[in-house]
J.: 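Encoded as structure tokens, here's the structure I'll be asking about.
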Amino acid sequence: MRIVFMGTPDFAKESLKAIYEKGYEIIGVVTNPDKPKGRGMKMIPSPVKKYAIEKSLNVYQPIKIRKNAEFINEIKSLKPDVICVVAYGKILPKEILEIPKLGCINVHASLLPKYRGAAPIQWAVLNGDKTTGITTMYMDEGMDTGDMILKQEVEIGEDETTGELWDRLSILGGELLVKTLEKIEDGTAPREKQSQDYTTAPMLNKEMAKIDWEKQTANEIHNLVRGLNPIMGAFTYINDKKIKFWKVQVKQEKELTEIIEKNKIENAKPGEVILADAKKGLYLKAKDGVLQVLEIQGENAKKMSAHDFLLGNRF
RNA sequence: CGCGGGGUGGAGCAGUUGGCAGCUCGCAGGGCUCAUAACCCUGAGGUCGUAAGUUCGAGUCUUACCCCCGCAA
């Protein structure tokens, strides 16, 4: 089976790797152009490109694909049986969707029709969902609206971060893609329409990373922190300094009576530090409870444990 | 030349107008306690990123270089 693979980030790389190692004939890899990245704005190739080059695969990096006749003809001339798209970063126009005779299939990191869109993993964690999963589908022109092929559900851990879930789903995505291809190959692939009962998972914006102590409950903040780890990190201001939280734990007031006076907890305003002791830990009052900060990052600093942070910083 | 921060004992930091190199933690030894992320002694451990310059004297000022980090994408 002749396959063209389209994808960009590390999530997609795992899928490419899965089909490559399964021995499929990958006749072309399409990925987004290199971008200036990191300190010094160096040009960095996408993880997919890196992998493709390692394996001496054919790489294409069109800047745009819509109305790009040259690129579309190029793909046509490859005569792919199927195009696999995993987090490519561009919407495929009809002309490309129609090229492969077995269709374009997509790996999406949610249980469709839940969380259509760019950030399904992040939203599953942010919303405190107990489960999520991977869906493969036949692509159509809409945003993740195609007919579904296979699904695989996974549980989300209590304290699991987006990054951790991301890694697990990347691997799973690769496995499910391989299964999907096998079924397509022998003609047993199911095809199920999505119900109209869908939700979307739009890209995250920066404002949402700021903790809103008045509105968000301790549990919501906990979800925010792990949902934004390691993408942006949830932050707040303590003594006018921007502080990011990477790991927090919800505490009940009862658990803390040994180390913090009850009055102190009750009188504190949401967002206020109620205890900052290198040995006992860092605790902030939330609307409906107490949050213990376990991993923290100050301005211009790197992440560290709350213990290390408190050795050199005072609140 | 995208913007910014920083390199000081094992860790996280402070170090004022150049004048004996400090704090918290950890570590080692000892003590106290039924007990502790408890407490009290004592101790080890630093060419202050590198090289050069200014100076009676540089962690501190000047210059060059190396390395690290944050933001931004």
J.: Which nucleotide in the set B:rG4, B:rA73, B:rG12 lies at the smallest distance from any side-chain heavy atom of A:N300?
T.: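 For A:N300, the side-chain atoms sit closest to B:rG4.
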J.: Output the rounded distance in Å from CE (A:M232) to C1' (B:rG70).
T.: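 So the CE-C1' distance, A:M232 to B:rG70, works out to 16 Å.
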J.: I'd like to know if A:E160 and A:R168 make a salt bridge, using a cut-off of under 4.0 Å between side-chain N and carboxylate O.
T.: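 Salt bridge present between A:E160 and A:R168.
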J.: State, yes or no, whether a side-chain contact exists between A:K55 and A:I26 at a heavy-atom distance under 4.5 Å.
T.: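 Answer no - side chains too far apart.
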J.: In terms of side-chain heavy atoms of A:N313, which of B:rA73, B:rG2, B:rG12 is nearest?
T.: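 Per side-chain heavy atoms of A:N313, the pick is B:rG12.
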J.: Does the structure show a Watson-Crick or G-U wobble partner for B:rG2, both distances under 3.5 Å? Name it, or say none.
T.: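 Per the H-bond distance test, B:rC71.
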J.: Whole Å only: how far is the CG atom of A:L294 from the P atom of B:rA37?
T.: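 Computing the A:L294:CG to B:rA37:P distance gives 18 Å.
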J.: Watson-Crick or G-U wobble partner for B:rC13, using a 3.5 Å limit on both distances?
T.: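 Answer to the pairing question: B:rG22, which forms a Watson-Crick or G-U pair with B:rC13.
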J.: Which comes earlier along RNA chain B counting from the 5' end, the contact point of A:G281 or that of A:P36, where each point is its nearest nucleotide?
T.: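 Per heavy-atom nearest nucleotide, the more 5' residue is A:G281.
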J.: Contact class for A:K303 vs. all strands (heavy atom < 4.0 Å): base, sugar-phosphate, or nothing?
T.: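 Result for A:K303 = nothing.
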J.: Answer with base, sugar-phosphate or nothing: what part of the nucleic acid does A:E299 contact at a heavy-atom distance below 4.0 Å?
T.: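 No contact.
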J.: Tell me whether A:R116 contacts the main-chain N or O of A:T145 through its side chain, where contact means a donor paired with an acceptor under 3.5 Å.
T.: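 Judged by distance alone, no pair lies under 3.5 Å.
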J.: Is the phosphate of B:rA38, meaning OP1 or OP2, less than 4.0 Å from a side-chain N or O of A:K279?
T.: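 For B:rA38, OP1/OP2 do have a side-chain N/O of A:K279 under 4.0 Å.
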J.: Rounded off to whole Å, could you give me the CG-to-P distance for the A:L282 and B:rC25 pair?
T.: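 Those two atoms, CG and P, are 17 Å apart.
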J.: Under 4.0 Å between a side-chain N or O of A:R39 and OP1 or OP2 of B:rA72?
T.: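 Negative; the distance criterion is not met.
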J.: Would A:K22 pass as a cation-pi partner of A:Y24, given that its NZ or CZ must be under 6.0 Å from the six-membered ring centre and within 45 degrees of the axis?
T.: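 No, cation not above the ring by the 6.0 Å, 45° rule.
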J.: What is the separation between atom NZ on A:K206 and atom C1' on B:rA73, rounded to the nearest whole Å?
T.: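 After rounding, the reported distance stands at 9 Å.
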J.: Choosing from B:rC13, B:rG2, B:rC69, which nucleotide comes nearest the side chain of A:K302?
T.: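 Closest nucleotide among those given: B:rC69.
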J.: Counting the atoms with a prime plus P, OP1 and OP2 as sugar-phosphate, which does A:A278 contact under 4.0 Å by heavy atoms, base, sugar-phosphate, or nothing?
T.: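 Since no nucleic acid heavy atom lies under 4.0 Å of A:A278, the category is nothing.
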J.: Can you tell me if the side-chain N/O atoms of A:K280 get under 4.0 Å from OP1 or OP2 in B:rA38?
T.: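 Answer is no, no contact under 4.0 Å.
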J.: Which part of the nucleic acid, if any, lies within contact of A:K42, taking any heavy atom under 4.0 Å across all strands shown: a base, the sugar-phosphate backbone alone, or nothing?
T.: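 Nothing, no heavy atom under 4.0 Å.
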